[in-house]
Amino acid sequence: MKKLLFTFLFVLFSSLVIAQNPAYEAWKKQRESELLAEDGWLNLAGLIWIDEKKSYLNEWSTDSLVVAVAPSSKNIGNFQWIGDSVWFFFNPKASPKPKSQKTLVYPLEYGKGGGAFFDHWKWTVIERGGNFALRLRDLTHPALRAFEPIPVFDYDSAFRVNAFFRPSFNQTMEIPNVLGQVIEWKVMGILEFELEGKSRQLTVLDEFGKFFVIFSDWTNEKSTYPTGRYLYVDYPDRSGKTVIDFNFAYNPPCAFTPYATCPIPPKVNRLDVSVLAGEKLPKGH
């Protein structure tokens with residue numbers, strides 16, 4: 001009887017522990033919403049490099065758009081560089097007729113929408129290493145309907161650790177991405193912490209004003225994405241103390257689409273430990 005009671009209490013306690021992490025449950029739902037959103041990663045249909053010569057967007061078929069040096073009979077419009085911005089000017093004869101004759105496609109504030117729309121397509125322009133690319137989205141992409149929830153590890157408090165932040169000043173780091181381009185990032189500083197009885201460090205980058213960490217660990221290629229995962233960390237208090245919660249480590253966009261330009265973890269952020277927390281490798285990847 002006592003054994004049965006102990007088992008019951010253990011299961012009940014375990015359930016309560018899981019229920020006591022509403023932030024983790026909310027984060028998982030938020031991640032799915034972000035992926036499925038209009039500016040999410042599942043509807044990407046192309047990443048096409050453009051310049052002032054190769055700037056005409058033509059309709060190849062109902063399911064394919066191409067960029068060319070000249071307009072075709074099914075030309076939708078063209079990209080034009082005006083100062084530091086890129087605009088898309090629609091062909092007045094394009095059908096269906098767009099809502100606006102011209103649309104700003106670069107720069108756009110991250111996460112704030114914007115871009116050009118035509119039929120079931122949407123596009124913006126991104127800049128990487130001084131080059132520009134058309135980021136094309138199919139708002140009816142089959143991946144939206146086929147999406148399955150992202151596998152995750154159970155929340156484990158052992159991977160929520162206290163950390164001390166040592167700031168860096170006027171420091172940058174060159175980070176390669178999956179395309180082989182090298183991007184210069186602003187370094188915020190170093191996070192010092194202990195995990196599995198060993199002192200460790202992670203270099204923190206600036207990502208739109210947030211503390212951003214790109215890291216790899218021994219789970220990569222086994223249960224998590226091969227190149228590594230990403231993580232946001234709260235700003236430290238006045239004494240430099242903060243918390244790193246690896247349970248919120250998430251997959252890079254490249255885990256969901258071949259049309260992303262994901263940065264790769266720098267050597268200094270390769271942890272010699274298995275971080276059994278956060279998102280796992282998505283199904284089918």
Side-chain angles (χ1 to χ4, degrees), residues 21-35 40-41 110-111 149-168 171-173 175-178 183 185-196 198-237 240-256 260-282 285:
N21 286 287
Y24 186 56
E25 299 303 316
W27 172 75
K28 289 190 291 183
K29 292 180 180 179
Q30 179 186 347
R31 280 283 294 151
E32 293 182 9
S33 297
E34 290 173 351
L35 289 169
W41 298 106
Y110 181 76
I150 310 166
V152 296
F153 292 97
D154 290 336
Y155 190 94
D156 188 344
S157 59
F159 289 99
R160 176 183 168 85
V161 297
N162 294 322
F164 181 77
F165 176 68
R166 295 190 182 278
S168 298
Q171 183 180 342
T172 59
M173 174 182 287
I175 306 288
N177 64 20
V178 293
I183 310 299
W185 287 66
K186 178 183 177 182
V187 175
M188 303 292 283
I190 304 294
L191 287 169
E192 299 174 345
F193 60 99
E194 186 175 296
L195 185 62
E196 293 196 351
K198 182 179 177 180
S199 296
R200 306 177 191 277
Q201 293 185 346
L202 284 171
T203 296
V204 184
L205 305 174
D206 173 40
E207 173 77 345
F208 301 109
K210 297 181 180 180
F211 269 27
F212 183 55
V213 175
I214 308 171
F215 76 97
S216 61
D217 66 279
W218 285 350
T219 65
N220 301 152
E221 296 187 4
K222 298 175 184 177
S223 55
T224 63
Y225 194 67
T227 58
R229 290 176 291 170
Y230 301 163
L231 180 67
Y232 286 109
V233 179
D234 289 338
Y235 268 85
D237 61 20
K241 296 178 181 178
T242 186
V243 171
I244 305 174
D245 196 337
F246 288 100
N247 291 283
F248 293 90
Y250 66 96
N251 291 309
C254 294
F256 305 97
T261 61
C262 306
I264 298 171
K267 291 182 180 180
V268 292
N269 280 3
R270 297 176 184 175
L271 299 175
D272 58 344
V273 64
S274 293
V275 179
L276 303 173
E279 290 185 348
K280 297 181 180 180
L281 187 67
H285 295 269

Nearest non-hydrogen partners of [X] and [Y], listed with the distance:
| X | Y | result |
| --- | --- | --- |
| Ser168 | Gly189 | OG-CA, 3.4 Å |
| Leu231 | Asp245 | CD1-O, 3.4 Å |
| Pro149 | Glu32 | CB-OE2, 3.3 Å |
| Pro266 | Ile214 | CD-O, 3.8 Å |
| Tyr225 | Asn251 | CB-OD1, 3.7 Å |
| Ser216 | Arg270 | OG-CG, 3.1 Å |

Between [X] and [Y], is any pair of side-chain heavy atoms under 4.5 Å apart?
| X | Y | value |
| --- | --- | --- |
| Ile264 | Asn177 | no |
| Tyr232 | Phe212 | yes |
| Val152 | Arg31 | no |
| Trp218 | Asp272 | yes |
| Thr261 | Ile183 | no |
| Val243 | Asp234 | no |
| Val233 | Val204 | no |
| Thr224 | Leu281 | no |

- Hey, is the main chain of Phe193 close enough, under 3.5 Å, to the side chain of Asn162 for a donor-acceptor pair? no
- Message: Please check this pair: side chain of Asp217 against backbone of Val275, looking for a donor-acceptor N/O pair closer than 3.5 Å.
- Response: yes
Enter the distance from [X]:[atom1] to [Y]:[atom2] here, rounded to the nearest 0.5 Å.
| X | Y | atom1 | atom2 | value |
| --- | --- | --- | --- | --- |
| Phe215 | Arg200 | CZ | CZ | 12.0 Å |
| Glu192 | Arg166 | CD | CZ | 4.0 Å |
| Tyr155 | Glu25 | OH | CD | 11.0 Å |
| Arg229 | Asn220 | CZ | CG | 7.0 Å |
| Thr227 | Glu221 | OG1 | CD | 9.0 Å |
| Leu205 | Met173 | CG | CE | 6.5 Å |

- State which residues pass ring pair (Phe, Tyr, Trp, His ring centres under 6.0 Å) with Phe165; sequence neighbours excluded, sorted by chain then number. Phe211
- Residues at least two apart in sequence or cross-chain that pass ring pair (Phe, Tyr, Trp, His ring centres under 6.0 Å) with Trp27, listed by chain then number, are Tyr24, Phe248
- Task: Would you check if the distance from the ring center of Phe159 to the ring center of Phe153 is below 6.0 Å?
- Result: no
- Query: Does the pair Ile244 and Leu195 meet the rule for a side chain to side chain contact (heavy atoms under 4.5 Å, CB included), with working shown?
  - Reply: CA-CA 10 Å; Ile244 305 174; Leu195 185 62; over 6 Å; no
- For Thr172, what residues pass the side-chain hydrogen bond (donor to acceptor under 3.5 Å, both in side chains) criterion, not counting sequence neighbours? Glu184
- Item | Val187/Trp185 under side chain to side chain contact (heavy atoms under 4.5 Å, CB included): CA gap, chis, key distance, verdict | CA-CA 6 Å; Val187 175; Trp185 287 66; 5.9 Å; no
- Per the side chain to side chain contact (heavy atoms under 4.5 Å, CB included) rule, which among Pro226, Pro263, Cys262 passes with Cys254? Cys262
